[in-house]
Every structure is written in structure tokens, then in C-alpha cells.
Protein chains: 2
Amino acid sequence: MSNSRNTIARTEILNLIREAGEALSHADLQASLGDLCNRVTIYRVLDRLLEEHLIHKIADVDGNITYAACHDCSGRHLHNHIHFRCEECQSVTCLNQVEPEFKLPRQYVVHSMNFTVSGLCPKCSGKR
Amino acid sequence: MSNSRNTIARTEILNLIREAGEALSHADLQASLGDLCNRVTIYRVLDRLLEEHLIHKIADVDGNITYAACHDCSGRHLHNHIHFRCEECQSVTCLNQVEPEFKLPRQYVVHSMNFTVSGLCPKCSGKR
DNA sequence: TATTAATTGCAACTAAGTTGCATTAATAAA
DNA sequence: TTTATTAATGCAACTTAGTTGCAATTAATA
Ligand SMILES: [Mn+2]
Ligand SMILES: [Mn+2]
Ligand SMILES: [Zn+2]
Ligand SMILES: [Zn+2]
């Protein structure tokens, strides 16, 4: 079924995203990978991992993109949890347990969701 | 208090955003404005209107930015309504009446929100 | 009307992402 | 194991989005 090849770049990028405590940007990945692969390859591997539903994409209110691992996307791949972006430490984290409730008019067909809240994370709000 | 000047570009851009039925991108504005002003001016006017809480910024899951008018932002300027992006007609609309309910752990301090749902809008889902 | 500082246009620049194509390498078939 | 197939990669060039510095313009105020 999956004709996706198990390359060094793919393996390493998926590991980095899975083991990071927070969502990673393309720039984060490039910094970690050094010259393991070309920056274009990072874009292409990310696209592939998205298609394979192994990671999901997050955009904050300014359009900054980060990527985080999927956990139970075998079925739906619908990410209805909230993401939090800290304006102090710039971290983006998945709050997998926080799923907003809302009701759209019947005629809307939902394919994907992107919920991002910005402010101060617990670590940074404590420092005030 | 407001030392923001009432220029032609500012007036025209605010009118366009207020009278549009959907959120507008920088490119949309540039197309409508023609050579009324430079494209850099559009960026700067948008920044000003954001600071003045007259418009708000919306990012979809791919990071595409659009702008929509604020309605009752005299007080909080907290946009907790959902935005819908249609994958067919590409429109982005404010669903001002749809405010998701959710609960963050106490330590999080919320400054702003960005909720975007993608799929098919009523107009486009009917065509199927 | 004269003064002042906000605003603008322009050119140059940076950052982010895309594309075409020749080369490399993971996988499966022989 | 060797060979064949085609996904994946590197590289260079390109596009798109947004930023910056600075001189010129102009809205607001005195
Ligand atoms: Mn997430
Ligand atoms: Mn809105
Ligand atoms: Zn933080
Ligand atoms: Zn539509």
C-alpha cells in the first residue's frame, strides 16, 4: 500500500518531530539536521509525512507554520485539539486533551481544523 | 488619543474590508486598489488598522493571511469566533455567531485566538 | 499660513516556499 | 545476489510574501 520509501531524511525528520516536546518549524528542523539533507528535501519529506497522516500542520495567527506528530490518526486525521503558542518563549504545543465544542450550520462540510491560542505558557506566565 | 491620519489609502482599504462579504488578502486589496497606492503602503495601513483594533487578522491552516472588519472590539479585541475557509471557492468568512467553548489549564494566559475550519461552504457544498 | 510629524513611494533586501531536471538510492523482481 | 524500476534527492533558479531605510509628501494642528 504505502510506496513511501524509508530514507535517512524521512526517518530522521520523523524522529525529531516525534521526540520534540513541542511543534517544530522548517527552520527548527534544518538547524537540527545540519547538512544531513538539503532544505528542499525537508519541505518534501514534510509534505509526504502530512499525506501519510503521520504529522499535522499548525499555523498560528501570524501564519507561522509548525509541525507536530499525530497520535491517533489511523481513522479520521481530524485535529480538533487546541494549539498554544507562547509569545514569550515562542513554543507551540499540542493540547491534545483540549477539544473545543462548537456547532456549525448544517450546510458546512468540515475537512480540517486549525485552532491556535496565543499568550503565555505555564512556564513563562510563572516568571511574572 | 488617536494620532492616526485619515489618508486616502487608509480610508479606501478600511472601506474595502468593511464592505467585503468575506475576508480579504493583501493581494485582494492590491487588485482592488490598482495604483491608488503602493503595495508597501497596503502592508503599513493593515498594520495600523490592526493596532487600532478596526480589523483582525486570520490565518488558515496553510498560513494564508486574510483580514476582516472588527465589530465590537472597543473593549477586548478578542476574536473567539470561528473562520471558515472554503477549499472550493477559497473564500474566508467570519462566523461571528459561532464561538467555540473550551477550557485551558489555569496557568495559561490567553492573549489572542485563531480558529479556522476548512472544507466546503454552503454555496459550494450544495453544488455536489 | 506655517510647523510638525505621520505617511507614502521607491528601491533594495530578506525570508519562505516552489519547480525542473539530472543524479542517486530504496525496493522489488528476476 | 544482481538487475530493473521509480521514488527520492541535490542543486540552481525562480516565485511569492513581507521588510527596511530614506527622501519626499501631506494631514493635522497651532
Ligand atoms: Mn496538534
Ligand atoms: Mn473574524
Ligand atoms: Zn512560554
Ligand atoms: Zn465555497
Side-chain angles (χ1 to χ4, degrees), chain A residues 1-17 23-68 85 87 90 92 114 116 118, chain B residues 1-17 23-68 85 87 90 92 114 116 118:
Chain A
M1 176 63 216
S2 167
N3 51 356
S4 179
R5 293 183 181 178
N6 223 8
T7 64
I8 297 169
R10 193 193 111 114
T11 305
E12 198 54 41
I13 289 170
L14 186 53
N15 279 345
L16 283 169
I17 293 175
L24 300 180
S25 65
H26 176 275
D28 291 334
L29 290 166
Q30 192 173 3
S32 292
L33 292 166
D35 59 355
L36 181 127
C37 69
N38 189 270
R39 70 192 188 88
V40 179
T41 299
I42 302 175
Y43 284 115
R44 298 199 264 222
V45 168
L46 288 170
D47 285 344
R48 235 178 315 147
L49 294 174
L50 284 169
E51 275 177 13
E52 297 169 17
H53 295 190
L54 295 173
I55 63 174
H56 61 285
K57 197 172 178 178
I58 307 159
D60 75 2
V61 72
D62 292 317
N64 300 306
I65 304 293
T66 49
Y67 303 87
R85 167 153 208 133
E87 291 163 358
Q90 312 297 328
V92 176
N114 183 57
T116 308
S118 299
Chain B
M1 178 64 218
S2 168
N3 50 355
S4 178
R5 292 183 181 177
N6 223 7
T7 64
I8 297 168
R10 193 192 111 113
T11 305
E12 200 53 40
I13 290 170
L14 187 52
N15 280 344
L16 284 170
I17 293 175
L24 301 180
S25 65
H26 176 275
D28 292 333
L29 290 166
Q30 192 173 4
S32 293
L33 292 167
D35 59 354
L36 181 126
C37 70
N38 189 269
R39 71 190 187 88
V40 180
T41 300
I42 302 175
Y43 283 115
R44 298 199 265 223
V45 168
L46 287 170
D47 285 344
R48 235 178 315 147
L49 294 174
L50 284 170
E51 275 177 14
E52 296 168 17
H53 295 190
L54 294 173
I55 63 175
H56 61 285
K57 197 173 179 177
I58 306 159
D60 75 3
V61 71
D62 292 316
N64 300 306
I65 303 294
T66 49
Y67 302 88
R85 168 155 207 131
E87 290 163 359
Q90 311 296 330
V92 177
N114 182 57
T116 308
S118 300

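Being a predicted model, the structure only gives us computed values, none of them experimental. Throughout, a chain's letter reflects where its sequence line sits, starting with A, and its residues are numbered from 1.
B:D62 pairs by the salt bridge (charged side-chain N to carboxylate O under 4.0 Å, His left out) definition with A:K57, not counting sequence neighbours. Taking A:D60 as the reference, A:N64, A:R85 meet the side-chain hydrogen bond (donor to acceptor under 3.5 Å, both in side chains) condition, with sequence neighbours excluded.
Rounding to whole angstrom units, OH of residue B:Y43 and P of D:dA17 are separated by 7 Å. As a whole-Å value, the separation of B:N38 CG from D:dT19 C1' is 13 Å. When the P atom of C:dA11 is taken as reference, atom CZ of B:R39 falls 12 Å away, rounded to whole Å.
Within residues 25-37 of chain B, the residues that have a heavy atom under 4.0 Å from DNA chain C are, in order of number, B:L36, B:C37.
Residue A:R48 is in sugar-phosphate contact alone, with no base atom involved, counting any heavy-atom pair closer than 4.0 Å across all strands shown.
Rounded to 10 degrees, the angle separating the terminal helix axes of the helix from C:dT1-D:dA30 to C:dA30-D:dT1, each built from five base pairs, is 40°.
Within the 4.0 Å cut-off from OP1 or OP2 of C:dA25, not a single side-chain nitrogen or oxygen of A:R10 is found.
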Find every protein N or O atom lying less than 3.5 Å from an N or O atom of nucleotides 26-30 of chain C, and list the pairs.
| residue | atom | partner | partner atom | Å |
| --- | --- | --- | --- | --- |
| C:dA26 | N3 | A:R5 | NH1 | 3.0 |
| C:dT27 | OP1 | A:N6 | N | 3.0 |

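The nearest pair of heavy atoms linking B:S25 to B:T66 is N-CG2, 3.9 Å.
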Residues 31-42 of chain B, side-chain donor-acceptor partners within the protein, below 3.5 Å, at least two apart:
| residue | atom | partner | partner atom | Å |
| --- | --- | --- | --- | --- |
| B:S32 | OG | B:D28 | O | 3.4 |
| B:N38 | OD1 | B:V40 | N | 2.8 |

